[in-house]
Novice: 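Would you mind keeping the following structure in view while I ask a few things?
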Amino acid sequence: MAHDPRALDDAFLAFWRERHIATLTTLRPDGSPHVVPVGVTFDPETGIARVISSRTSRKVRNVVEAGAEGQRVAVCQVDRARWSTLEGVAVVRQEPAAVAEAERRYAERYREPRVNPDRVVVEITVDRVLGRA
C-alpha cells in the first residue's frame, strides 16, 4: 500500500517513532542486494531517514561506490501485521554536524550510540513510502 510521503497520518508516524529494528537494503557493485539489520530514524518534515554506521561497513561502501549521485535503497521495519518500507536515494555524510544530528535522533529512538570515531551517516531522501501501520 503506497502512501504520500508528505501526508503520513499520525499512526504511521508513531510506528516510525517506536523502537523497531529495520533492515537496510543496498546494492553491491555486482548488483546483488545486501540486506542488514539497522537502527533507523525518520524525519517526516524533511523526508530524511538516517542510519548511523562505521565508514568501513559494506552498506556504507555500497552507497559510496555507487557514485556522487548516491544509490537507491530501502529501509523496512515489521511488527506483526504492521510494516513500512521507505525508499529513496542514499548518500553518505561524514560532516560532524550531520553525524551528531543522526546520533541525537538515534538516541531518541533507541539508546545512546556507542562511541565510534569512524561513524558516518547514511542519509536517505525518501520519495516512496509503503506499508500498513
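Start at 1 with the first residue, then count along the sequence. Hydrogens, waters and symmetry mates are skipped; everything else that's a heavy atom, side chains included, is used.
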Novice: When hydrophobic residues are tied together by side-chain contacts of less than 4.5 Å, even through go-betweens, does V38 share a cluster with I52?
Specialist: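 Same hydrophobic cluster.
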
Novice: Take a 6.0 Å sphere around CG of D10 and say whether it holds more than 12 heavy atoms from other residues, nucleotides or ligands.
Specialist: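 Open: at most 12 neighbouring heavy atoms sit under 6.0 Å from CG of D10.
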
Novice: Quick check for you: to the nearest 0.5 Å, what is the distance between L13 atom CG and E45 atom CD?
Specialist: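 Reported value, rounded in 0.5 Å steps: 9.5 Å.
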
Novice: Can you see which heavy atom on L86 is nearest to which on A49, and at what distance?
Specialist: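 L86 and A49 have their closest heavy atoms at CD1-CB, 4.1 Å.
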
Novice: Under 4.5 Å between any side-chain heavy atoms of Y110 and V40, yes or no?
Specialist: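 Counting from C-beta outward, Y110 and V40 do come under 4.5 Å.
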
Novice: About how many Å separate NZ of K59 and CD of Q71, when rounded to the nearest 0.5 Å?
Specialist: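 It comes to 13.0 Å.
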
Novice: I'd like to check the side-chain contact (heavy atoms from CB on, under 4.5 Å) partners of Q94; sequence neighbours left out, ordered by chain and number.
Specialist: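 Testing Q94 for side-chain contact (heavy atoms from CB on, under 4.5 Å), a comparison that skips the adjacent residues, returns R55, V120.
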
Novice: Could you walk me through whether R105 and E108 pass salt bridge (charged side-chain N to carboxylate O under 4.0 Å, His left out), step by step?
Specialist: CA-CA 5 Å; R105 290 173 181 276; E108 285 179 2; 5.8 Å; no

Novice: How far apart are the closest heavy atoms of A90 and V63, and which atoms are they?
Specialist: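 Closest pair (atom of A90, atom of V63, distance): O-CG1, 3.4 Å.
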
Novice: Could you check whether any side-chain heavy atom of D43 comes within less than 4.5 Å of a side-chain heavy atom of R50, counting everything from C-beta outward?
Specialist: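 Result yes, sub-4.5 Å side-chain heavy-atom pair found.
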
Novice: Quick one: salt bridge (charged side-chain N to carboxylate O under 4.0 Å, His left out) partners of E95, sequence neighbours excluded?
Specialist: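 For E95 the salt bridge (charged side-chain N to carboxylate O under 4.0 Å, His left out) partners, ignoring immediate neighbours, are R93.
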
Novice: Indicate if I124 and V36 have the same hydrophobic cluster label, given that clusters are the connected sets of ILVMFWY residues with side-chain heavy-atom separations under 4.5 angstrom.
Specialist: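 I124 and V36: one cluster.
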
Novice: Go through L8 and W16 one step at a time and tell me if the side-chain contact (heavy atoms from CB on, under 4.5 Å) criterion holds.
Specialist: CA-CA 11 Å; L8 300 170; W16 278 100; over 6 Å; no

Novice: Just to verify, what does A74 make a side-chain contact (heavy atoms from CB on, under 4.5 Å) with, not counting sequence neighbours?
Specialist: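 If we apply the side-chain contact (heavy atoms from CB on, under 4.5 Å) test to A74, skipping adjacent residues, the hits are T85, E87.
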
Novice: Are side-chain heavy atoms of Q77 and F15 found at a separation under 4.5 Å?
Specialist: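 The answer is yes; the side chains approach within 4.5 Å.
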
Novice: Is the side chain of S57 donor-acceptor paired with the backbone N or O of V60 at a distance under 3.5 Å, no angle test?
Specialist: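 Flag set: sc S57 to bb V60 pair under 3.5 Å.
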
Novice: Nearest 0.5 angstrom please: T125 OG1 to I48 CD1, how far?
Specialist: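 That separation rounds to 3.5 Å.
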
Novice: Please give me the minimum heavy-atom distance between A68 and V91, naming the atom from each residue.
Specialist: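 Residues A68 and V91, closest heavy atoms: O-CG1, 4.4 Å.
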
Novice: Would N116 and S54 count as a side-chain contact (heavy atoms from CB on, under 4.5 Å) if you check the C-alpha gap in whole Å, the side-chain angles of each, and the deciding distance to 0.1 Å?
Specialist: CA-CA 7 Å; N116 180 355; S54 179; 3.8 Å; yes

Novice: Identify, with sequence neighbours excluded, every residue that meets side chain to side chain donor-acceptor pair (under 3.5 Å) alongside R119.
Specialist: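 Counting only residues at least two positions away or on another chain, R119 forms a side chain to side chain donor-acceptor pair (under 3.5 Å) with E103.
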
Novice: Does any part of the side chain of Y106, heavy atoms only, come nearer than 4.5 Å to the side chain of E112, both counted from C-beta?
Specialist: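 Result no, sub-4.5 Å side-chain heavy-atom pair not found.
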
Novice: If every non-hydrogen atom of S84 is compared with every non-hydrogen atom of F12, which pair is closest and at what distance?
Specialist: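 Nearest heavy atoms, S84 then F12: OG-CZ, 3.1 Å.
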
Novice: Can you list, pair by pair, the side-chain donor-acceptor contacts under 3.5 Å of residues 126-133, counting residues two or more places apart and other chains?
Specialist:
{"residue": "D127", "atom": "OD1", "partner": "R72", "partner atom": "NH1", "Å": "3.3"}
{"residue": "D127", "atom": "OD1", "partner": "R72", "partner atom": "NH2", "Å": "2.8"}
{"residue": "D127", "atom": "OD2", "partner": "R72", "partner atom": "NH1", "Å": "3.0"}

Novice: Name every donor-acceptor pair, under 3.5 Å, that has one atom in a side chain of residues 20-29 and the other anywhere in the protein, sequence neighbours excluded.
Specialist:
{"residue": "H20", "atom": "NE2", "partner": "E18", "partner atom": "OE1", "Å": "2.8"}
{"residue": "T26", "atom": "OG1", "partner": "N62", "partner atom": "ND2", "Å": "2.8"}
{"residue": "R28", "atom": "NH1", "partner": "S32", "partner atom": "OG", "Å": "3.1"}
{"residue": "R28", "atom": "NH1", "partner": "P33", "partner atom": "O", "Å": "2.7"}
{"residue": "R28", "atom": "NH2", "partner": "H34", "partner atom": "ND1", "Å": "3.4"}

Novice: Where is the tightest heavy-atom contact between A98 and V121, given as atom of each residue plus distance?
Specialist: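 Here A98 and V121 meet closest at O-CG1, 4.0 Å.
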
